[in-house]
Amino acid sequence: MIENLKKEVFQANLDLVKYGLVIFTWGNVSARCGEYIVIKPSGVSYETMKAEDMVVLDLDGNRIEGNYNPSSDTPTHLELYKAFPGIGGITHTHSSYATSFAQAGMPITPMGTTHADYFYGTIPCTRNLSSEETESAYEKNTGKVIIETFEGRDPIAIPGVIVRNHGVFSWGKDAFESVHNAVVMEEVAKMNYRALALNPSAGTVRQYILDKHYYRKHGENSYYGQKEKEVEK
């Protein structure tokens, strides 16, 4: 099972390049399997990286398999896995438009139905880390400030966040869904950026439209797409 997960995490990391979310080594994807996670090695080029280079860790950060050091963002991933038990994959990027919102200290508000299809409300922006949080256990504290930001929010309904002055974290049921949500975050950030340039007072989508678009794709009464029992075998 771990070998298959290493292949999935490897492919999901390559998808970051495919979808234009990263340049150089500016990103990482991980996935969880029980008490273990698999994550991209730190600073290894996407052009030379192989599935066997993925690093296996336990939830305390102890290396179980792998010849490389894990991503420097590993402590952030570990904090999120422990705090949000419903997630099975995490993506981190510095994609241009979403990171522009992070650098501006602005949340990504739901301005249209594309946003509403995936995120049930505003994608929040964290507060700044303090100098003490930055100097001591920076990556772990990045995870903690994300968790703090989600107090009173559902991380399943809003599967992503922007970290102030830093970048994007998204998550999902597995590595591929976390990448999918990162792609959507970048696109809705791009749409918001352009919409606000055209009309700075555009505002957010109406709540009833947000409800309609989110719940037609999510929940027990969703009707978007094909139900498995309806698809001919």
Side-chain angles (χ1 to χ4, degrees), residues 1 4-5 7-9 11-16 18-21 29-34 37-38 77 80-93 95 97-98 101 106-126 146-147 149-162 168-195 202-233:
M1 185 176 290
N4 288 335
L5 195 62
K7 293 175 183 177
E8 290 177 12
V9 170
Q11 185 58 56
N13 274 282
L14 294 185
D15 285 348
L16 297 184
K18 173 183 175 181
Y19 292 114
L21 297 183
V29 181
S30 72
R32 179 176 180 175
C33 178
I37 75 160
V38 177
H77 290 240
L80 297 181
Y81 283 123
K82 288 185 280 190
F84 304 154
I87 68 176
I90 297 172
T91 291
H92 172 51
T93 80
S95 59
Y97 281 90
F101 278 80
M106 294 173 60
I108 303 173
T109 58
M111 297 183 71
T113 61
T114 308
H115 183 125
D117 282 339
Y118 291 90
F119 297 87
Y120 190 53
T122 295
I123 301 168
C125 180
T126 71
I146 293 171
I147 295 162
T149 301
F150 270 80
E151 290 178 5
R153 293 184 171 95
D154 181 356
I156 303 302
I158 305 175
V161 68
I162 51 176
V168 177
F169 282 88
S170 62
W171 45 83
K173 67 179 184 294
D174 55 28
F176 294 116
E177 188 173 81
S178 74
V179 172
H180 189 103
N181 289 330
V183 173
V184 175
M185 284 180 68
E186 178 64 5
E187 286 302 305
V188 297
K190 185 189 298 183
M191 292 175 188
N192 281 21
Y193 182 91
R194 291 170 172 170
T204 60
V205 68
R206 302 286 187 183
Q207 183 66 42
Y208 57 85
I209 297 293
L210 182 108
D211 290 345
K212 182 66 176 179
H213 271 261
Y214 184 80
Y215 286 113
R216 74 175 188 163
K217 292 188 75 171
H218 305 272
E220 61 182 20
N221 295 318
S222 62
Y223 60 88
Y224 178 88
Q226 304 301 317
K227 301 298 183 185
E228 186 173 343
K229 65 181 179 181
E230 297 171 352
V231 178
E232 292 186 7
K233 302 298 182 183

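Just so it is clear, the values below take in all heavy atoms, side chains as well, and ignore hydrogens, waters and symmetry mates.
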**OP:** Could you list the residues that satisfy salt bridge (charged side-chain N to carboxylate O under 4.0 Å, His left out) with K212, not counting sequence neighbours?
**Re:**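 Partners of K212 under the salt bridge (charged side-chain N to carboxylate O under 4.0 Å, His left out) test: none.
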
- Qualifying residues under salt bridge (charged side-chain N to carboxylate O under 4.0 Å, His left out), relative to E186, sequence neighbours excluded: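 Listed in chain order: nothing, the list is empty.
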
Least distance between heavy atoms, [X] atom then [Y] atom:
X: I90; Y: F169; value: CG2-CD2, 4.2 Å
X: V179; Y: A12; value: CG2-O, 3.7 Å
X: I162; Y: P107; value: CD1-CA, 4.2 Å

Any salt bridge (Lys or Arg N to Asp or Glu O under 4.0 Å) involving residues 214-225? Give me the pairs, sequence neighbours left out, ordered by first then second residue.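 Pairs touching residues 214-225 that pass the test: none.
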
Got a sec, which pairs hit salt bridge (Lys or Arg N to Asp or Glu O under 4.0 Å) with one end in residues 150-159, sequence neighbours left out?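 Every pair satisfying salt bridge (Lys or Arg N to Asp or Glu O under 4.0 Å) with a residue in residues 150-159: there are none.
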
Option passing side chain to side chain contact (heavy atoms under 4.5 Å, CB included) with P159 (candidates V184, N181, T91, I123) |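 Per the side chain to side chain contact (heavy atoms under 4.5 Å, CB included) rule, the option paired with P159 is N181, out of V184, N181, T91, I123.
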
Checklist entry - Who passes ring-ring contact (aromatic ring centres under 6.0 Å, His included) against Y193, sequence neighbours left out? => result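 In terms of ring-ring contact (aromatic ring centres under 6.0 Å, His included), with neighbours along the sequence ignored, Y193 is linked to Y97.
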
* Which residues pass the ring-ring contact (aromatic ring centres under 6.0 Å, His included) test with H180, sequence neighbours left out? ->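 Only Y118 meet the ring-ring contact (aromatic ring centres under 6.0 Å, His included) criterion with H180.
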
Could you work out, with side-chain hydrogen bond (donor to acceptor under 3.5 Å, both in side chains) as the rule, every residue matching [X], not counting sequence neighbours?
X: K173; answer: E177
X: D211; answer: Y120, Q207
X: D174; answer: none
X: S30; answer: H77, Y81

When rounded to the nearest 0.5 angstrom, what is the spacing between [atom1] in [X] and [atom2] in [Y]?
X: L80; Y: I37; atom1: CG; atom2: CD1; value: 10.0 Å
X: I156; Y: H218; atom1: CD1; atom2: NE2; value: 11.0 Å
X: D15; Y: L21; atom1: CG; atom2: CG; value: 9.5 Å
X: L210; Y: Y215; atom1: CG; atom2: OH; value: 8.5 Å

- Side-chain contact, heavy-atom cut-off 4.5 Å: V29 with S178?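 In contact.
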
Item to check | From CA spacing to verdict: side chain to side chain contact (heavy atoms under 4.5 Å, CB included), E8, Q11 | outcome: CA-CA 5 Å; E8 290 177 12; Q11 185 58 56; 5.9 Å; no

Query raised in the report: What is the ring orientation for F150 with W171, classed by angle as parallel under 30°, tilted 30 to 60°, or perpendicular over 60°?
Result: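 Taking W171 first and then F150, their aromatic rings stand perpendicular (interplane angle over 60°).
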
Task: For S222, all residues meeting side chain to side chain contact (heavy atoms under 4.5 Å, CB included), sequence neighbours excluded - done: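 Result, side chain to side chain contact (heavy atoms under 4.5 Å, CB included) vs S222: K227.
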
Margin query: Suppose we screen for side chain to side chain contact (heavy atoms under 4.5 Å, CB included). Which residues come up paired with A202, at least two apart in sequence or across chains?
Written below: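 Side chain to side chain contact (heavy atoms under 4.5 Å, CB included) list for A202, sorted by chain: M111, N199.
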
Exercise for the section: Just do the side chain to side chain contact (heavy atoms under 4.5 Å, CB included) check on T114 and E187 with the steps written out, would you? Expected result: CA-CA 9 Å; T114 308; E187 286 302 305; 5.7 Å; no

Given side chain to side chain contact (heavy atoms under 4.5 Å, CB included), test F101 with N192 step by step and report yes or no. CA-CA 10 Å; F101 278 80; N192 281 21; 3.8 Å; yes

query: Can you tell me if H115 uses its side chain to pair, donor with acceptor, with the backbone of G121 under 3.5 Å?
result: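 Yes; at least one donor-acceptor contact below 3.5 Å.
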
